[in-house]
Amino acid sequence: MVVYIRQLAVERRPWLTADAFDDGVALCQVIPGATAMQTAAYVGLRSRGVAGAATTFVGFGLPSFVFMLALSAMYSRAHGLPVVVSAFSGLRAVIVGLIANAAVSFGRSSLRQWSHAVIATLSAALFGAGASPILVIVLAAGAGWALVQSPGPKPVGAEAPPPLLPTTQPAAFILGAAAMGLAALALADRRLAALVALMCRIDLFAFGGGFASVPLMFHEIVEVRSWMDGPTFLNVIVLGQFTPGPIVITAT
């Protein structure tokens, strides 16, 4: 999806320079959350300010949200039918293969130093031992700070990105409105407020894109809270893969 966004924003419509887009993708990869959605928001930010970022973020996520909502409603009514059970049994195996393929692909592109491989191996061992995913992420961040060499600065004379539109006041307004909304939700329905807080925590620790949120959601929803069993959660991942957009739409 990031490749398609690049073709649109750099090649077909010159909203950003190639260097500015690459800087944005690098930024989106080092902060938690869905990389593709954040890249879309970055393009909107650079071309139309904070309003553009909010618009592109909503526009990127809304279609998949609507699809996921409809599929979830259908699944809740039909998941007990024999034909649906059989179909999802096969599709769960496909999802395991997709996630394994994603792990291999990410490993090939991301494990560029011996320290990367060490951190990945130790993290996998901790996951296998049942450690909290959040603890594993914190330990990996500390190990990365201690072991991984940072890339050098950009060479002098590199192409400068276009100036950024004012962001302080619009961003402060959005943050303030979100805080007020969460406070009102906590007063109106504590269970929904707790759900919002849980998903925010998962997203804030999902470093590495949407697939990184899958083990976090599994840990919190299946292992800690038992809101659904493992096979049902895999069915949810199936629905998330069937819809267009990022896999984090599974949260719907």
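Contact check for Leu45 versus Val50: side-chain heavy atoms found under the 4.5 Å cut-off. For the pair Thr232/Tyr75, a side-chain contact is recorded, criterion being any heavy-atom separation below 4.5 Å from C-beta on. Tyr42 places none of its side-chain heavy atoms less than 4.5 Å from the side chain of Thr56. By the 4.5 Å heavy-atom criterion applied to side chains, Leu216 and Glu220 are not counted as neighbours. When side chains are defined from C-beta on, Pro231 does not count as touching Phe88, because their heavy atoms never get closer than 4.5 Å. Put simply, the side chain of Met217 does not reach to within 4.5 Å of the side chain of Val248, judged on heavy atoms. Residues Ile5 and Phe60 meet the side-chain proximity criterion, which asks for heavy atoms closer than 4.5 Å. The shortest side-chain heavy-atom distance between Arg201 and Leu204 does not fall under the 4.5 Å cut-off.
Of the possible polar contacts, none joining the Gln38 side chain to the Gly24 backbone as a donor-acceptor pair under 3.5 Å is found. Judged by distance alone, the side chain of Ser64 and the main-chain N or O of Gly61 form a donor-acceptor pair under 3.5 Å.
Interatomic distance, Ile249 CD1 to Leu69 CG, rounded to the nearest 0.5 Å: 9.5 Å. The line from CZ of Arg12 to CZ of Arg6 is 14.5 Å long, rounded to the nearest 0.5 Å. The structure places OG1 of Thr243 at 11.5 Å from CZ of Phe65, a figure rounded to the nearest 0.5 Å. In this structure, CZ in Arg46 is found 8.0 Å from OG1 in Thr17, a value given to the nearest 0.5 Å.
Under the 4.5 Å side-chain contact rule for hydrophobic residues, Val66 and Val236 share a cluster. Under a hydrophobic clustering in which Ile, Leu, Val, Met, Phe, Trp and Tyr are joined whenever their side-chain heavy atoms come within less than 4.5 Å, directly or via other members, Leu126 and Ile202 fall into different clusters. The hydrophobic cluster containing Leu135 does not contain Leu122, counting ILVMFWY residues as joined when their side-chain heavy atoms lie under 4.5 angstrom apart, directly or transitively. Hydrophobic clustering, with ILVMFWY side chains joined whenever heavy atoms are under 4.5 angstrom apart, groups Phe127 together with Leu139. There is no path of hydrophobic side-chain contacts, each under 4.5 Å, that joins Val224 to Val222.
Other residues, nucleotides and ligands contribute only 12 or fewer heavy atoms inside 6.0 Å of the CD atom of Gln169. More than 12 heavy atoms of other residues, nucleotides or ligands sit less than 6.0 Å from atom CZ of Arg225.
In this structure, Val136 and Ala131 approach most closely via the heavy-atom pair CG2-CB, 4.0 Å. Nearest heavy-atom pair across Phe218 and Gly230 is CE1-CA, 4.1 Å. Considering all non-hydrogen atoms of both residues, Ala140 and Ile119 come closest at CB-CG2, 3.9 Å. Taking each heavy atom of Thr250 and Met68 in turn, the nearest pair found is CA-CE, 3.9 Å. For Val10 against Phe21, the heavy-atom pair with the smallest separation is CG2-CB, 3.7 Å. In terms of heavy-atom proximity, Val214 sits nearest to Phe233 at O-CZ, 3.8 Å.
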Exercise for the section: Show your reasoning for whether side-chain contact (heavy atoms from CB on, under 4.5 Å) applies to Tyr4 and Leu8. Expected result: CA-CA 6 Å; Tyr4 287 129; Leu8 171 67; over 6 Å; no
Practice task
Check the pair Leu234, Met228 against side-chain contact (heavy atoms from CB on, under 4.5 Å), reporting the backbone distance first and the verdict last.
Solution key: CA-CA 10 Å; Leu234 273 179; Met228 60 181 67; over 6 Å; no
Problem - Pair Phe205-Val138, side-chain contact (heavy atoms from CB on, under 4.5 Å): steps then yes or no - result: CA-CA 9 Å; Phe205 279 89; Val138 172; 4.1 Å; yes
